[in-house]
Protein chains: 2
Amino acid sequence: MRMSRLFSKTLREAPNGADSKGYEYLLRAGFIRQLGAGIFSLLPFGFNATKKIEQIIRQEMNAIGGQEILMPLVNPADIWKETGRYYSIDKEMSRFSDRVGRDMVLAMTHEEAVTDLARGEIDSYKRLPLLVYQIQTKWRDDPRPRAGLIRVREFTMKDSYSFDVDQEGLDAQYAAHYKAYFRIFSRCGLPVIVVGADSGMMGGKISHEYMYLSSIGEDTIITCPSCGYTANRQVATFAKTNYVEPMKQTQKVLTPECKTIDELAAFLKIEKRQTAKAVFMVGTFINDTNGEEQDKLIVGIVRGDLDVEENKLQNAARANALRPAHCEEILQKQMVPGYGSAIGCSKDVLVIVDDSVANSNNLVAGANEEGYHLLNTNFGRDYTGQVADIASAAAGYSCPECSKPLSSSKGVEVGNIFQLNTRYSESMNCSYQDEGGLRKPVIMGSYGIGVGRLLACLAENYSDEQGLSLPISVAPMQVHLVSLVKDAEIGEQIYNKLSDAGIEVLYDDRKESAGVKFADADLIGLPIRITLGNRSLKEGKVEVKLRRNLEESFSFELASVVEETKALIAKLEAELKGQIVEKEWKQA
Amino acid sequence: MRMSRLFSKTLREAPNGADSKGYEYLLRAGFIRQLGAGIFSLLPFGFNATKKIEQIIRQEMNAIGGQEILMPLVNPADIWKETGRYYSIDKEMSRFSDRVGRDMVLAMTHEEAVTDLARGEIDSYKRLPLLVYQIQTKWRDDPRPRAGLIRVREFTMKDSYSFDVDQEGLDAQYAAHYKAYFRIFSRCGLPVIVVGADSGMMGGKISHEYMYLSSIGEDTIITCPSCGYTANRQVATFAKTNYVEPMKQTQKVLTPECKTIDELAAFLKIEKRQTAKAVFMVGTFINDTNGEEQDKLIVGIVRGDLDVEENKLQNAARANALRPAHCEEILQKQMVPGYGSAIGCSKDVLVIVDDSVANSNNLVAGANEEGYHLLNTNFGRDYTGQVADIASAAAGYSCPECSKPLSSSKGVEVGNIFQLNTRYSESMNCSYQDEGGLRKPVIMGSYGIGVGRLLACLAENYSDEQGLSLPISVAPMQVHLVSLVKDAEIGEQIYNKLSDAGIEVLYDDRKESAGVKFADADLIGLPIRITLGNRSLKEGKVEVKLRRNLEESFSFELASVVEETKALIAKLEAELKGQIVEKEWKQA
């Protein structure tokens, strides 16, 4: 590829809205362009890098028995109504009517489509296990697209789906993915950790997320440096201290201006852990079969030294969505914001109590009367409700496995694996006949990797003050050939020689200054740079640098430039191969 | 790939709705499955075949300097409003509002998106010419999906876009595509002809379509067997005979029950060519800048021996859409259906007269009075209007170039190339600075190939009573290995040997009868079949057949099965290469 003929141009300045370094460089180097909020085009460099990532994914999916297929982006709504997700998924899924008025959706994932396929193909246990995957376009109307390809609305995803006769089969395919994903990310050069995760709208039980740790991430990951426990904060647990003591009698006390736990503890001169905190939310509950919505007030009670993890609260409540309650909504249910508790509230309120509260006694709680609290409230005696773990883990808390202090960090989710079990096969009647002739629902798993997001994380991870520096396995091309000599012929010769040998060369044949050419080479960041300068050419040599270390330069003999370049490429590739991560899934 | 592990199953019966042979076999052999009207999934065989077609397209596009990119399917409506196509394209384009109420469209083509990209990248004449392409998913809400992948709503298309400084540059890129398309189709093994075409909603001037001739086609192609003139009937011209004679005086005559030209000619004992036929249509005219629609009555006048070609009439009228007029609409404009003409009609009727009428005299036309016609009407004297070629060409008419009789046949459009000129660059302000510093609109071209439709045509062309028989360049795999022996080991050995040598093998390792295995092999139709039978194995041989000729069988030595198979594959590939069509565009 000649730079004089390249479709994309490089940009000297960071465009507006480039809210992360990786995004800025992908724009400036001409990898991607934005068409609208969360909607991007891939230009030649971005396209090439993406194809290389996809090829790595393809090889690893084929290696675990995956068969590649392609399912449509536009789905008839019928199949989404069958599983109920047409109703339970909110505005994130875009819908339209076709010309004859049929409901259509833009698929954000393909459990419905693949289950529809599978129920047509799978009849007997003899045909299982099966694994199919696709690398395909999806649309998700994200409310907050950001950071370029990190969070978009239209994106390319690898999604695979496994089909088995039993849990053992699913575990085997899950374990195969667990391992293959580490191979994929490490072959691309991306460091990731795996965390236990919430299955969210997928509806399965066991799931893991692959996280690239970075300050640009929006997920909070709780880890234990001592024993290796790792989970997304949405589901992370921790060892809670219980404070059990004999129950005392409840007593109403005046507590003016004590609307927060801090104010209350200071006023009463007690510790925060001696109080109970009430959080008021409204949950939306959607009927899976007809889409009817119902709102319900939920009060989450957690000990005053802890916080409510909304995701845990939503899961415990089995709500489709949660939002903070308005004052009037709380008052209507006989509770008083700032002085609220579940004591004396309407019977139709869903009370969910963290086990920290259930396992402590004599907590100070709101009296549901402006300016008053109750001393010595006790769950079970004074009020009831559903007990669950709804507290948010945080750095410094005790590890649930080894009790050592936990840490927290930010991460970007680049992959996820879910055990779906029969969530989709039951609602869509996808079954097989077992050896005894009985029909049983197929056991399914679902496994995703965001291709564009992976590129974005790589750009974030492999960049410096000058620009990108992607690993050779995913760089758009291997060699940047920079000619600084007036004689075009020598450049053409070397370009042709290298290209003819199958080496991917970006040849800067433009009539630009050395400064401009080097700045562009730094920005685009191909792994190997070969420079043609008068001085070295006189000695029959070309200057060579690795993008990752521009301080150091060496040289190749002009006569053996092809062989030496090939050897250097092989060396860089071997280096990456030496860093392939092999990790096995250990079932809890 | 082992058949025991294959995701898709074969079907013994043709499923409902399989309205063509190729479609039936693609379903039965497990290449594709339907998810909804005009919405299909590709199963492993269909996916593989499609990837091979795409790879051929990619190679030929790269060979003419194409740079591969990827643009989004979901487009913000803004860019479609800029060109006016948001308004001028009807229900074929699906639209929806995103979560914040912005108008979005599902792109059915990418002139808008690519012009938006190009105006950001192209600044100077120095950066031109450029050519970009993508192989990407599109959605077009076709009112009549049919014949499987022939006419669908979601489809994969290769679309390329050229950018030049002048017409000469555009001509060069157009010629390069013209030639590359013949190479692509012939490398896939599909026989096509190229025809002059209408540019329809694309809005350019010169365009060609590549047609696969077949009775399942919906396009009518007019060809001259003598000189090679070829065009889609929508735009085909022909040499019309003029009947010029001195004008006579108009005379009203009673013509009861003469509502058709046939009845009229018989009643008056004249030839049909001595009459003028009026066709009443309502055209929709859409304001490009605000989307306002206006309907207008159009009367097309053609000589009685000819028919009106609606596409020509629509182009002449510059209408966005046409439909037949209702009786009342015609009567309102002072014309009488069955006895109608442009004589005495309302001034706001758009009268379009075929040159056959303008160049003939003394035609019998409707008197716009029930039961009466006028003798000796003459265009120019008795009524006026816009003169254009709006007559439909047909078999037997005279060739416009050599006057010999024309033929007609049915075809499926598998590719098209358009000279867009400045249609999009002007409305979207995509310009370059020329050598003198002046800004000029970029000259564009647009070039498409329907990938799925191409596969569907291949399936149509390469099938017999037993099933498919795709050429080796596009077959999902190269070899079908059928084991009929009980000893699984020998099959495994050969399967592994062939696979390790890089040969694509479908290995029928199932416990099925020879009949079932051969029926499936016939249906799927991989080019080379290797059968393991007890008799030949005893002699140290395997039986080999080509799918295209199941009558003839030969054998390979077991010891050299890899080498002999490789040689046979190379022979089949060389055969196809020998049939590559090289055709140059000759500008009119």
Side-chain angles (χ1 to χ4, degrees), chain A residues 1 4-9 30 33 35-37 39-44 46-48 50-51 65 67-76 78-79 91-92 94-100 102 104 106 113 116-118 120-123 126-127 130-132 134 136-137 139 141 143 153-154 156, chain B residues 1 4-9 30 33 35-37 39-44 46-48 50-51 65 67-76 78-79 91-92 94-96 98-100 102 104 106 113 116-118 120-123 126-127 129-132 134 136-137 139 141 143 153-154 156:
Chain A
M1 170 84 71
S4 62
R5 296 262 60 81
L6 188 67
F7 180 62
S8 56
K9 67 177 182 190
R33 290 292 181 257
L35 178 60
I39 304 177
F40 287 85
S41 293
L42 298 177
L43 298 192
F47 180 82
N48 280 5
T50 300
K51 281 290 135 181
Q67 299 176 45
E68 192 164 359
I69 64 172
L70 187 67
M71 292 179 279
L73 171 62
V74 177
N75 286 189
D78 303 1
I79 52 174
K91 288 183 180 167
E92 231 174 318
S94 293
R95 297 139 211 256
F96 68 95
S97 287
D98 74 1
R99 64 191 305 146
V100 296
R102 278 175 297 219
M104 311 299 283
L106 297 186
D116 178 69
L117 266 184
E121 306 303 317
I122 298 171
D123 30 33
K126 290 183 202 162
R127 307 205 60 238
L130 282 172
L131 175 64
V132 295
Q134 62 176 353
Q136 186 260 6
T137 305
W139 171 264
D141 199 355
R153 300 199 291 171
E154 181 167 328
T156 300
Chain B
M1 172 84 69
S4 62
R5 296 260 61 83
L6 188 67
F7 180 62
S8 56
K9 67 177 183 190
R33 290 292 181 258
L35 177 60
I39 304 177
F40 287 86
S41 293
L42 297 176
L43 299 191
F47 181 83
N48 279 5
T50 300
K51 280 293 135 178
Q67 299 175 45
E68 192 164 359
I69 63 172
L70 187 68
M71 291 179 281
L73 171 61
V74 177
N75 286 188
D78 303 0
I79 52 174
K91 287 182 182 169
E92 231 174 319
S94 294
R95 297 139 211 256
F96 68 97
D98 73 2
R99 64 190 306 145
V100 296
R102 277 174 298 217
M104 311 300 283
L106 296 185
D116 178 68
L117 266 184
E121 306 303 316
I122 299 170
D123 31 32
K126 289 183 201 161
R127 307 205 59 238
L130 282 172
L131 175 63
V132 293
Q134 62 176 352
Q136 186 261 5
T137 304
W139 171 264
D141 199 356
R153 300 200 291 171
E154 181 166 328
T156 299

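The chains referred to below are lettered A, B, ... by the order of the sequence lines, with proteins before strands, and numbering in each begins at 1.
Within the 3.5 Å criterion, the main-chain N or O of A:Val100 finds no donor-acceptor partner in the side chain of B:Lys91. A donor-acceptor pair under 3.5 Å links the side-chain atoms of A:Arg127 to the main chain of B:Ser8, judged by distance alone. When atom types are taken as modelled, the side chain of A:Gln67 and the backbone of B:Arg5 share a donor-acceptor pair closer than 3.5 angstrom.
The candidate with the highest count of non-hydrogen atom pairs below 4.5 Å against chain B, out of A:Gly36, A:Pro72, A:Pro76, A:Gly65, is A:Pro72. Ranked by non-hydrogen atom pairs under 4.5 Å with chain B, the options A:Ser4, A:Gly120, A:Ala113 are led by A:Gly120. With respect to chain B, the highest number of heavy-atom pairs below 4.5 Å among A:Met71, A:Lys126, A:Met1, A:Arg33 belongs to A:Arg33. Taking B:Met104, B:Arg99, B:Gln134 one by one and counting their heavy-atom pairs under 4.5 Å with chain A, the maximum is reached by B:Arg99.
When heavy atoms are compared at a cutoff of 4.5 Å, B:Asp123 approaches chain A solely by way of its side chain, counted from C-beta outward. Contacts between A:Arg153 and chain B at a heavy-atom distance below 4.5 Å involve the side chain alone, from C-beta outward. For A:Val74, the parts lying under 4.5 angstrom from a heavy atom of chain B are both the backbone and the side chain. Of the two parts of B:Arg95, only the backbone, made up of N, CA, C and O, holds a non-hydrogen atom closer than 4.5 Å to a non-hydrogen atom of chain A. Within the 4.5 angstrom heavy-atom criterion, only side-chain atoms of A:Leu106, from C-beta onward, approach chain B. Interface residue A:Asp141: backbone and side-chain heavy atoms are both found under 4.5 Å from chain B.
Taking both residues in full, the closest heavy atoms of B:Asn75 and A:Leu35 are given as ND2-CD2, 3.7 Å, listed atom of the first, atom of the second, then distance.
A salt bridge is absent between A:Glu68 and B:Lys51; no separation between the charged side-chain nitrogens and carboxylate oxygens falls under 4.0 Å.
One finds the CG atom of A:Leu117 at 10.0 Å from the CG atom of B:Leu42 (value rounded to the nearest 0.5 Å). Atom CZ of residue B:Phe7 and atom CG of residue A:Leu131 lie 10.0 Å apart, to the nearest 0.5 angstrom. Interatomic distance, B:Leu73 CG to A:Leu73 CG, rounded to the nearest 0.5 Å: 5.5 Å.
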Carefully, step by step, assess B:Thr137 and A:Leu70 under the rule side chain to side chain contact (heavy atoms under 4.5 Å, CB included).
CA-CA 11 Å; B:Thr137 304; A:Leu70 187 67; 5.7 Å; no

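A 4.5 Å side-chain heavy-atom check between B:Asp98 and A:Ser94 finds every atom pair outside the cut-off.
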